[in-house]
Amino acid sequence: MKIITAVRGFKDILPGESEKWQYVEGKAREIFGNFGFREIVLPILEKTELFKRSIGETTDIVEKEMYTFTDRGDESLTMRPEATASVMRAYLEHSLYASESVVKLYTIGPMFRRERPQKGRFRQFNQLNAELLGSKDPRVDAEVILMLIHFLRGVGVSDAQLEINSLGCPACRPAFRDVIHAYLAGKSDGLCEDCQRRLSTNPLRVFDCKVEGCKEIVSTAPLLIEFLCGECRDHFGEVQAGLRQFDTPFTVNARMVRGLDYYTKTAFEVTTGALGAQNAIAGGGRYDRLVEDLGGPESPGIGFAVGLERLIAVAPIPDEGVVGKPDLFIAALGKEAQDFAFVLCNRLRMAGARIETDYAARSLKSQMKRSDKLGCRFTLILGERELQEKKALLRDMKGSAQQPIGLDDAETTILSILSKN
RNA sequence: GUGGGUGUAGCUCAAGUGGUUAGAGUGUCGGGUUGUGGCCCCGAAGGUUGAGGGUUCAAGUCCCUCCACUCACCCCA
């Protein structure tokens, strides 16, 4: 019979790898907590309409990458392709803006996009999202980016590149759109097929194209940064000034465009060279109009997402140190000894020690091998002979020294020895 | 969605131009004198060679189809 395998693009995170995830998540909780962020746990399914309205009808994500289905009845539901929309939905649904002027949230969980899998790209992938709502102060932009960089350094990623840009606001972007459209329209022959289409749907995307011809045309094109309104220009300047007050080197990439429509003003991306083509480990930006567009009060916000698979792939997390080793292996010989081991083993575990044993009635030799392989600090040898004498042999696996231990108070004796090692 | 690459034991890989019972390392299990780990030695289990079809006296090897994995385009975390 053919075995059933996981769905294409969906991965298992096995022991050995899962400890790394725990480590990274722990670091995130610690650091984000220091910055005043609190966790929000969100559903994975949302009404399709939420993503259409927030991400944008004409984005690739909404047009062709969503797992969407019709629930019993006629409601269209979608497995979330990103988290920000859900955070905004919850923010509105529970009127979180009412209790605090500034709300800081983070969430960790899986996202779903039906793309062709490749290195660093999966159909189910996990993101760590942080969102700050209720402030349009440029220092907040710098603070959020600083938190991200600090977190990445915290898990050992220090050679990543931070790029920032400003995408303007409803006051200046439409004007620039016209300028760039006029510029590109005159050179449309040199553009690739995709970009010709983008000309009418979203001309700014042409800046992001990797086709040589398009890159060339774009390289001499006017830049949005040059057309920012006064407010956006000042804001961008202050964000940069804020970042410079900390050790966070960045470059301004005027051609960076983000794939979601809701971004305004500040946009940023963190990339690394070690990931192949999918080199972005984190990205984010400001979205001052999103909450309003979803029918809520004026709530400017900024946030980012970290791709956990990608982060864990590049973070130098040592295997040892995240996986603990057992304190003691109990090698029991014979039925009676095994019964004794069964009780002692579980009592010790409940007392907080990390104990292994096995009930397969193997030879002492193979049990010693197992203890060694597991990296146990001690082995307790318990055979019929020991049982009769009411003692067991505690072997130190480092120096091979053995000492007898009375069975009557074995639990306390062992715990006291373990606590000293 | 479009290309390229790769599919042999749990894992990493061998098997000159088609030619006996498809091998090795590693891992697993057992053994190397009575009940003592590591190093070393011996043994065992473990394969429908991704699946199906074709060519041939003969296919892991050549051809076709499908599937999976993988890298890249695209897009993004």
Visitor: Across all strands, who's sitting opposite B:G1 as a Watson-Crick or G-U wobble pair, both distances under 3.5 Å?
Guide: B:C73

Visitor: Taking atom C1' in both B:C66 and B:C57, compute the distance separating them and give it to the nearest angstrom.
Guide: 29 Å

Visitor: Round to a whole Å and report the spacing from CE of A:M368 to P of B:C39.
Guide: 14 Å

Visitor: Using heavy atoms to find the nearest nucleotide of RNA chain B for A:G276 and A:R123 separately, return the residue whose nucleotide is more 5′.
Guide: A:G276

Visitor: Would you mind telling me which of B:A72, B:A77, B:G27 lies closest to the side-chain atoms of A:Q118?
Guide: B:A72

Visitor: Base of B:G32, side chain of A:K365 - is there a donor-acceptor contact under 3.5 Å?
Guide: yes

Visitor: Whole angstrom is fine here: how far is it from CZ in A:F268 over to C1' in B:C76?
Guide: 15 Å

Visitor: Rounding to the closest angstrom, what is the interatomic distance between B:U8 and B:G23 at atom C1'?
Guide: 10 Å

Visitor: Given the side-chain rings of A:F37 and A:Y106, with only the six-membered ring counted for Trp, is the space between their centroids under 6.0 Å?
Guide: no

Visitor: Starting at CG of A:L333 and ending at P of B:G37, how long is that distance when rounded to a whole Å?
Guide: 13 Å

Visitor: Under 4.0 Å, heavy atoms only, any strand: does A:I281 hit a base, just the sugar-phosphate, or nothing?
Guide: sugar-phosphate

Visitor: Once you apply the 3.5 Å cut-off to both distances, tell me the Watson-Crick or G-U wobble partner of B:A68, or none.
Guide: B:U6

Visitor: Report the nucleotide, chosen from B:G30, B:A72, B:A77, that has the shortest atom-to-atom distance to any side-chain atom of A:R362.
Guide: B:G30

Visitor: From B:U36, B:G1, B:C74, pick the nucleotide closest to the side chain of A:R114?
Guide: B:G1

Visitor: From the options B:A77, B:C69, B:C73, select the nucleotide whose nearest atom is closest to the side chain of A:R8.
Guide: B:C69

Visitor: So which nucleotide from B:A72, B:A77, B:G37 ends up closest to the side chain of A:R116?
Guide: B:A72

Visitor: Using Watson-Crick or G-U wobble geometry with both distances below 3.5 Å, tell me the partner of B:G18, or none.
Guide: none

Visitor: If we take the P atom in both B:C73 and B:G10, what is their distance in whole Å?
Guide: 34 Å

Visitor: Measure from the side chain of A:S400, starting at C-beta and using heavy atoms only, and say which of B:C71, B:G38, B:G35 lies closest.
Guide: B:G38

Visitor: For B:U48 versus B:U36, give the span between their C1' atoms, rounded off to a whole number of Å.
Guide: 44 Å

Visitor: Atom CD of A:Q124 and atom P of B:A77: how far apart are they, to the nearest Å?
Guide: 17 Å

Visitor: Nearest 0.5 Å please: distance from the CZ atom of A:F227 over to the CZ atom of A:R173.
Guide: 15.0 Å

Visitor: Taking atom P in both B:A44 and B:G52, what distance in whole Å separates the two?
Guide: 30 Å

Visitor: Are any of A:K119's side-chain N or O atoms less than 4.0 Å away from OP1 or OP2 of B:A77?
Guide: no

Visitor: Just verifying a value: how many Å separate A:L344 CG and A:T357 OG1, rounded to the nearest 0.5 Å?
Guide: 9.0 Å

Visitor: At under 4.0 Å between heavy atoms, what does A:T379 touch on the DNA or RNA strands: base, sugar-phosphate, or nothing?
Guide: nothing

Visitor: Write down the distance between CG (A:D60) and C1' (B:C73), rounded to a whole number of angstrom.
Guide: 13 Å

Visitor: Within the 4.0 Å heavy-atom criterion, would you say A:T5 contacts the bases, only the backbone, or no part of the nucleic acid?
Guide: nothing

Visitor: 5'-most contact on RNA chain B: A:D396 or A:G120, nearest heavy atom basis?
Guide: A:D396

Visitor: Any base atoms under 4.0 Å from A:E386, or only sugar-phosphate, or nothing? Heavy atoms, all strands.
Guide: base

Visitor: With both distances under 3.5 angstrom, what nucleotide forms a Watson-Crick or G-U wobble pair with B:G47?
Guide: none

Visitor: Once you apply a heavy-atom cut-off of 4.0 Å, does A:L308 come out as touching a base, just sugar-phosphate, or nothing?
Guide: nothing

Visitor: Which of these passes salt bridge (charged side-chain N to carboxylate O under 4.0 Å, His left out) with A:D141: A:R286, A:K136, A:K265?
Guide: A:R286

Visitor: Between A:K64 and B:C74, does any side-chain N or O lie under 4.0 Å from OP1 or OP2?
Guide: no

Visitor: In whole angstrom, give me the gap between the P atoms of B:G16 and B:U56.
Guide: 23 Å

Visitor: Base, sugar-phosphate, or nothing for A:E82, non-hydrogen atoms under 4.0 angstrom?
Guide: nothing

Visitor: Measure from the side-chain heavy atoms of A:A305 and tell me the nearest of B:U36, B:A77, B:A72.
Guide: B:A77

Visitor: Determine the interplanar angle of the A:Y263 and A:Y287 rings, folded into 0 to 90°, and report it as parallel if under 30°, tilted if 30 to 60°, perpendicular if over 60°.
Guide: tilted

Visitor: What nucleotide among B:C73, B:U36, B:A77 has an atom nearest to a side-chain atom of A:L364?
Guide: B:U36

Visitor: Between B:G37 and B:G46, how far apart are the C1' atoms? Round to whole Å, please.
Guide: 26 Å

Visitor: Heavy atoms under 4.0 Å, any strand shown: does A:F122 hit a base, just sugar-phosphate, or nothing?
Guide: base

Visitor: Give the nucleotide from the list B:C74, B:A77, B:G31 with an atom nearest to the side chain of A:R258.
Guide: B:A77

Visitor: Which nucleotide in the list B:G37, B:G35, B:C74 gets nearest to the side chain of A:D372?
Guide: B:G37

Visitor: Taking atom types as they are modelled, would you say the side chain of A:Q367 forms a donor-acceptor pair with the base of B:U36 within the 3.5 Å cutoff?
Guide: no

Visitor: With a 3.5 angstrom cut-off on both distances, give the Watson-Crick or G-U wobble partner of B:C11, or none if there isn't one.
Guide: B:G25

Visitor: Could you measure between the two C1' atoms, the one in B:U6 and the one in B:G50, and give it in whole Å?
Guide: 11 Å

Visitor: Can you check whether A:Y91 and A:Y97 have ring centres sitting under 6.0 Å from each other?
Guide: yes

